[in-house]
Amino acid sequence: MIHFPAQRRGPLSALSLRLAAALGLVFAVVTAVYLDRDGYRDVNEDGLTLLDCFYYAVVSLSTTGYGDITPAAPSARLVNVLFVTPARVLFLIILVGTTLEVLTEQYRTGRRLTRWRKSVKDHVIICGYGTKGRSAVSALLENGLDKSRIVVVERSPASLRQATSAGLVAIEGSATRSSVLNEAHVRNAKAVIIATDSDDASVLVALTVRQLTAGQVRIIAAAREAENAPLLKQSGAHHVIVSSATAGRLLGLSTSAPPLIDVVEDLLTPGQGMALAMRSAERDEVGRSPRELDDTLVIALVRRGKVVTLSDRAGAVIETGDMLVHVRDDRPQPAGAPG
């Protein structure tokens, strides 16, 4: 099942308001009839009880009544003309409006689903919307990827609600199933990020994605244990990030070289000061050394899909088609300052 980003006001909220309005009308009519109950004639001629007033209000608002209880006194007839009859019309409007709103919402959802299926392409699929999945989405958004190009696959209802509340399209189901990934249009995806809670599930997801896409879609997976990283790569993952090993190295650095932790946090936290970025080499930069660029602090090159460090002989000169991995200033610009 596909869940679209949450609307400001859902159909359930609208139906609740209409139901409350209908009940309010019923109680208002009951009150008016009960206060003037002596002006009504009952076929039993034993007077109107509170239950009789509720009965009269319900049948009068939903139909034209059965004639077993009728207004006899002029005051009761005046109340029927000025209050009960308009209330009946308003009650019917509420019922018809509720039906129309439900049908309209179903039609709107169907049209939205059709448009999404036709337009979804070059998107990123996030398998798992836990801590790692949410962090991956945040990084994608910080790098300029539009929310409409992110699709979340998740089984947990709570995580699905979080994803749709964040403005993302979410698909309910397990990413290990081919039908669910096909629903996410995995063949048209740009990349698949596997951020499940277990390495076993990550391996199954990687195998399923590779089978469905014939290895044409980039797969990035997170592994809890380093020993499972080779298995994930064999399953089809192009890149594997070992969360436990990375956290362990950072913990070790915090003891032996505490300032390095601050640098790493600065690089990974948006808006703090420094951030890693990548851009294409410009024409006037080709043939120059990456270390000679005045306005760009280059730390590596990406050449034909492979990372080339500046310490390598191949990284001594920038070539045509190179991507420059550099550190940029990520501090918020003051108002009015040039970008």
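From a predicted model like this one, the values you see are computed outputs, not experimental measurements.
Hydrophobic clustering (ILVMFWY, side-chain heavy atoms < 4.5 Å, transitive): Ile194 and Leu181 are in one cluster. There is no path of hydrophobic side-chain contacts, each under 4.5 Å, that joins Leu160 to Val169. Following chains of ILVMFWY side-chain contacts shorter than 4.5 Å, one cannot reach Leu35 starting from Leu50, and the two form parts of different hydrophobic clusters. Val240 and Val205 are assigned to two separate hydrophobic clusters, defined by single-linkage of ILVMFWY side chains at heavy-atom distances under 4.5 Å. Using a 4.5 Å cut-off between side-chain heavy atoms of Ile, Leu, Val, Met, Phe, Trp and Tyr, with links allowed through other members, Val209 and Val151 fall into the same hydrophobic cluster.
When only modelled atom types and interatomic distance are considered, Ser202 and Thr196 share a side-chain donor-acceptor pair under 3.5 Å. A donor-acceptor contact closer than 3.5 angstrom links the side chains of Asp146 and Ser148. Neither side chain, Asn182 nor Arg177, offers a donor N or O lying under 3.5 Å from an acceptor on the other.
Remark: Lys147 engages Leu141, Leu168 in a side-chain contact (heavy atoms from CB on, under 4.5 Å) (not counting sequence neighbours). Remark: Glu225 engages Asp199, Glu227, Asn228, Ser244 in a side-chain contact (heavy atoms from CB on, under 4.5 Å) (not counting sequence neighbours). Under the rule for a side-chain contact (heavy atoms from CB on, under 4.5 Å), the partners of Arg155 that lie at least two apart in sequence or sit in another chain are Ser174.
When the shell of 6.0 Å around CZ of Arg224 is examined, it contains 12 or fewer heavy atoms from other residues, nucleotides or ligands. Around CD1 of Ile241, the count of heavy atoms belonging to other residues, nucleotides or ligands within 6.0 Å does not exceed 12. The neighbour count for Asp36 CG, taken as heavy atoms of other residues, nucleotides or ligands under 6.0 Å away, is above 12.
Annotation: the span from Arg149 atom CZ to Lys190 atom NZ amounts to 5.5 Å, rounded to 0.5 Å. Rounded to the nearest 0.5 angstrom, Glu285 CD and Asp322 CG are separated by 10.5 Å. The CZ atom of Arg187 lies 12.0 Å from the CD atom of Gln216; values are rounded to the nearest 0.5 Å. If you take CE on Met323 and CE on Met278, they are separated by 4.0 Å, rounding to the nearest 0.5 Å. Rounding to the nearest 0.5 Å places OG1 of Thr320 at 10.0 Å from CZ of Arg303. One distance of note links CG of Leu140 with CD1 of Ile150; it measures 5.0 Å at 0.5 Å rounding.
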Which atom pairs, one a donor and one an acceptor, fall under 3.5 Å between side chains of residues 24-34 and the rest of the protein, sequence neighbours left out?
unit_1	atom_1	unit_2	atom_2	d
Thr31	OG1	Phe27	O	2.8

What pairs of donor and acceptor atoms, side-chain ones from residues 118-126 against any protein atom, are under 3.5 angstrom apart with sequence neighbours left out?
unit_1	atom_1	unit_2	atom_2	d
Ser119	OG	Arg115	O	3.0
Ser119	OG	Trp116	O	3.4
His123	NE2	Ala184	O	2.8
His123	NE2	His185	O	3.3

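Cluster note: Leu293 groups with Val298, Leu301, Val308, Leu310, Ile318, Leu324 through ILVMFWY side-chain heavy atoms spaced under 4.5 Å, whether in direct contact or through intervening members.
When all heavy atoms of Ala189 and Val217 are compared, the pair lying nearest together is O-CG2, 3.6 Å. Contact between Ile220 and Arg218 at its shortest, heavy atoms only, is CD1-CG, 3.8 Å.
Contact annotation: the side chain of Arg134 approaches that of Gln162 to within less than 4.5 Å [non-hydrogen atoms, C-beta and beyond].
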